Chemist: 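Before I ask anything, let me first share the structure, which is written out below as structure tokens.
Everything numeric in this text was worked out from a predicted model, so none of it was measured.
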Amino acid sequence: MEDELGTFEFPLTAIHDPKSYPLAGKREDKLQTNVALRGLTVGDGSFTLIAGPCAVESYEQFSKIAHFLKSVGLKAIRGGAYKPRTSPHSFQGLQEEGLKIIAQVKEETGLNIVTELMSIADTEKVLDVADVIQIGSRNMQNFPLLKFIGTTQKPVLLKRGFGNSIYELLMSAEYILAGGNDKVILCERGIRTFDPAQRNTLDLMAVAIVKRVSHLPILVDPSHSLGLTEYIESALKSALAIGADGALVEVHPEPTSALSDGKQSLTIEDFSEILGKLRQLSQAFSRELT
């Protein structure tokens with residue numbers, strides 16, 4: 001609708017109306033999308049944990065985390081071969097060498113791979129190893145990339161940009177869905193606010209709103225939101241309780257020597273302890289931890 005000056009205003013009521021999102025919006029014939037991976041389904045009522053390092057740094061590093069995750073019953077690992085960084089002088093990922101490491105570890109463990117795609121030019125190489133293509137927060141409104149991903153049938157993890165609204169996140173999902181790819185998983189990664197207590201403010205109410213208006217599953221990423229490990233356990237418990245379909249968690253064998261995001265990465269030991277607590281909590285909500 002337009003006001004007297006002709007300025008477009010999007011009413012609050014429309015934001016909470018599933019009809020505002022023709023493809024992503026919840027409707028009678030589409031109440032919930034389940035995204036099936038190998039031995040794992042995101043959106044079926046379980047709480048899916050996708051853990052791993054921010055960046056693949058070496059075979060030894062990635063393999064150690066992968067074998068640990070498999071040993072505790074988890075079925076998906078995250079890890080970037082291509083890394084979008086704020087500074088051009090920061091570690092940009094091992095790129096093609098990283099993809100080779102990911103492929104080798106995938107063959108050894110059978111874990112589902114979640115890894116980032118930054119450019120259409122790298123699609124073929126990434127699709128060869130990825131079970132889920134991650135579209136990072138900086139590319140959430142890279143519309144040519146979203147349109148292209150829509151033409152594939154590869155599951156997509158779409159992260160909310162730190163300066164983007166829930167409406168904009170769902171409209172970015174619309175671009176992928178409009179191309180014919182209905183395997184979309186959303187991710188609340190945290191938004192930039194005035195409060196420096198968190199790296200980005202983890203918007204857990206975004207989960208509740210998305211679950212009300214959309215049929216798409218949604219995960220949370222407390223590692224990038226908080227920027228510190230001290231609060232990740234609380235964030236994961238809260239995400240499980242509010243109804244998130246799962247979470248991404250950064251885990252590193254030696255966070256102090258990590259080439260990226262070490263301060264927000266849990267040690268394997270700390271993650272294992274939190275995992276035990278989450279399994280206990282999930283029983284109270286009649287949810288399975290996967």
Side-chain angles (χ1 to χ4, degrees), residues 8 10 14-15 17-27 29-30 32-37 42-43 50 76 78-86 92-93 95-96 98-99 102 112-192 206 209-211 213-221 224 245 248:
F8 182 79
F10 199 80
I15 293 174
D17 182 357
K19 294 178 182 178
S20 301
Y21 317 99
L23 301 176
K26 187 173 290 187
R27 52 189 189 269
D29 65 333
K30 195 69 170 177
Q32 179 64 49
T33 287
N34 296 338
V35 179
L37 307 177
V42 180
I50 303 172
R78 56 160 298 158
Y82 296 90
K83 294 302 303 176
R85 306 299 299 278
T86 300
Q92 303 290 311
Q95 303 183 27
E96 289 190 34
L99 291 176
I102 290 173
N112 289 283
I113 301 294
V114 180
T115 195
E116 185 157 355
L117 175 66
M118 293 172 53
S119 169
I120 294 174
D122 298 319
T123 303
E124 185 175 348
K125 293 176 287 188
V126 173
L127 286 180
D128 281 344
V129 301
D131 294 285
V132 180
I133 298 171
Q134 176 177 303
I135 301 298
S137 62
R138 293 171 177 84
N139 273 318
M140 192 204 84
Q141 290 187 307
N142 183 339
F143 299 124
L145 181 60
L146 298 181
K147 288 180 180 180
F148 181 81
I149 293 302
T151 66
T152 76
Q153 286 302 307
K154 184 72 71 171
V156 182
L157 178 69
L158 178 65
K159 286 193 168 187
R160 180 184 181 186
F162 48 72
N164 291 109
S165 66
I166 298 169
Y167 172 75
E168 290 169 329
L169 171 64
L170 288 169
M171 281 302 170
S172 288
E174 290 277 321
Y175 273 90
I176 301 171
L177 295 167
N181 186 350
D182 62 353
K183 302 177 179 68
V184 178
I185 304 166
L186 304 175
C187 182
E188 165 55 40
R189 181 210 185 255
I191 54 175
R192 184 170 289 173
I209 292 170
V210 166
K211 296 299 285 186
V213 303
S214 176
H215 57 83
L216 298 175
I218 180 168
L219 311 183
V220 299
D221 180 352
H224 279 97
D245 294 287
L248 297 178

Chemist: Decide yes or no on side chain to side chain contact (heavy atoms under 4.5 Å, CB included) for Val184 and Leu177, but give the supporting numbers first.
Modeler: CA-CA 8 Å; Val184 178; Leu177 295 167; 3.9 Å; yes
Chemist: Salt bridge (charged side-chain N to carboxylate O under 4.0 Å, His left out): which pairs involve residues 157-167, sequence neighbours left out?
Modeler: Lys159-Asp221, Arg160-Glu188, Arg160-Asp203
Chemist: Roughly how far, to the nearest 0.5 Å, is the CD1 atom of Ile176 from the CD1 atom of Ile135?
Modeler: 6.0 Å
Chemist: Output all residues satisfying side-chain hydrogen bond (donor to acceptor under 3.5 Å, both in side chains) with Glu124, sequence neighbours left out; order by chain, then residue number.
Modeler: none
Chemist: For Asp131, give me all partners under side-chain contact (heavy atoms from CB on, under 4.5 Å), at least two apart in sequence or on another chain.
Modeler: Arg38, Lys106, Asn112, Ile113
Chemist: Salt bridge (Lys or Arg N to Asp or Glu O under 4.0 Å) with Arg189: which residues, sequence neighbours excluded?
Modeler: none
Chemist: Please identify each residue that fulfils side-chain contact (heavy atoms from CB on, under 4.5 Å) with Lys30, with sequence neighbours left out.
Modeler: Arg27, Thr33, His215
Chemist: How long is the span from the CG atom in Leu145 to the CG atom in Leu117, to the nearest 0.5 Å?
Modeler: 5.5 Å
Chemist: Working to the nearest 0.5 angstrom, can you tell me the gap between Glu174 CD and Leu216 CG?
Modeler: 8.5 Å
Chemist: Please identify each residue that fulfils salt bridge (Lys or Arg N to Asp or Glu O under 4.0 Å) with Glu116, with sequence neighbours left out.
Modeler: none
Chemist: With Lys26, which residues qualify under side-chain hydrogen bond (donor to acceptor under 3.5 Å, both in side chains), at least two apart?
Modeler: none
Chemist: Can you tell me how far CG of Leu158 sits from CG of Leu169, rounded to the nearest 0.5 angstrom?
Modeler: 5.5 Å
Chemist: Describe, in one word, how the ring planes of Tyr167 and Tyr21 are oriented to each other, choosing from parallel (under 30°), tilted (30 to 60°) and perpendicular (over 60°).
Modeler: tilted
Chemist: How many angstroms lie between atom CG of Asp122 and atom CG of Asp128, to the nearest 0.5 angstrom?
Modeler: 12.0 Å
Chemist: Going through the checks in order, is the side chain to side chain contact (heavy atoms under 4.5 Å, CB included) test met by Leu248 and Gln134?
Modeler: CA-CA 11 Å; Leu248 297 178; Gln134 176 177 303; 4.3 Å; yes
Chemist: Taking ring-ring contact (aromatic ring centres under 6.0 Å, His included) as the definition, give me every residue that meets it alongside Phe162, ordered by chain and number, with sequence neighbours left out.
Modeler: none
Chemist: According to side-chain contact (heavy atoms from CB on, under 4.5 Å), who are the partners of Val129, at least two apart in sequence or on a separate chain?
Modeler: Leu99, Ile102, Ala103
Chemist: Using every non-hydrogen atom in the two residues, find where Gly79 and Thr115 come nearest and quote the distance to one decimal.
Modeler: O-OG1, 2.7 Å
Chemist: Checking Gln141 now: which residues fulfil side-chain hydrogen bond (donor to acceptor under 3.5 Å, both in side chains) with it, not counting sequence neighbours?
Modeler: Asn164
Chemist: Looking at CD1 of Ile185 and CD1 of Ile218, how far apart are the two atoms once the value is rounded to the nearest 0.5 Å?
Modeler: 11.0 Å
Chemist: Return the set of residues passing side-chain hydrogen bond (donor to acceptor under 3.5 Å, both in side chains) with Asn139 (not counting sequence neighbours), or none when no residue passes.
Modeler: Asn142
Chemist: Glu96: which residues meet the side-chain contact (heavy atoms from CB on, under 4.5 Å) condition with it, sequence neighbours left out?
Modeler: Tyr82, Lys125
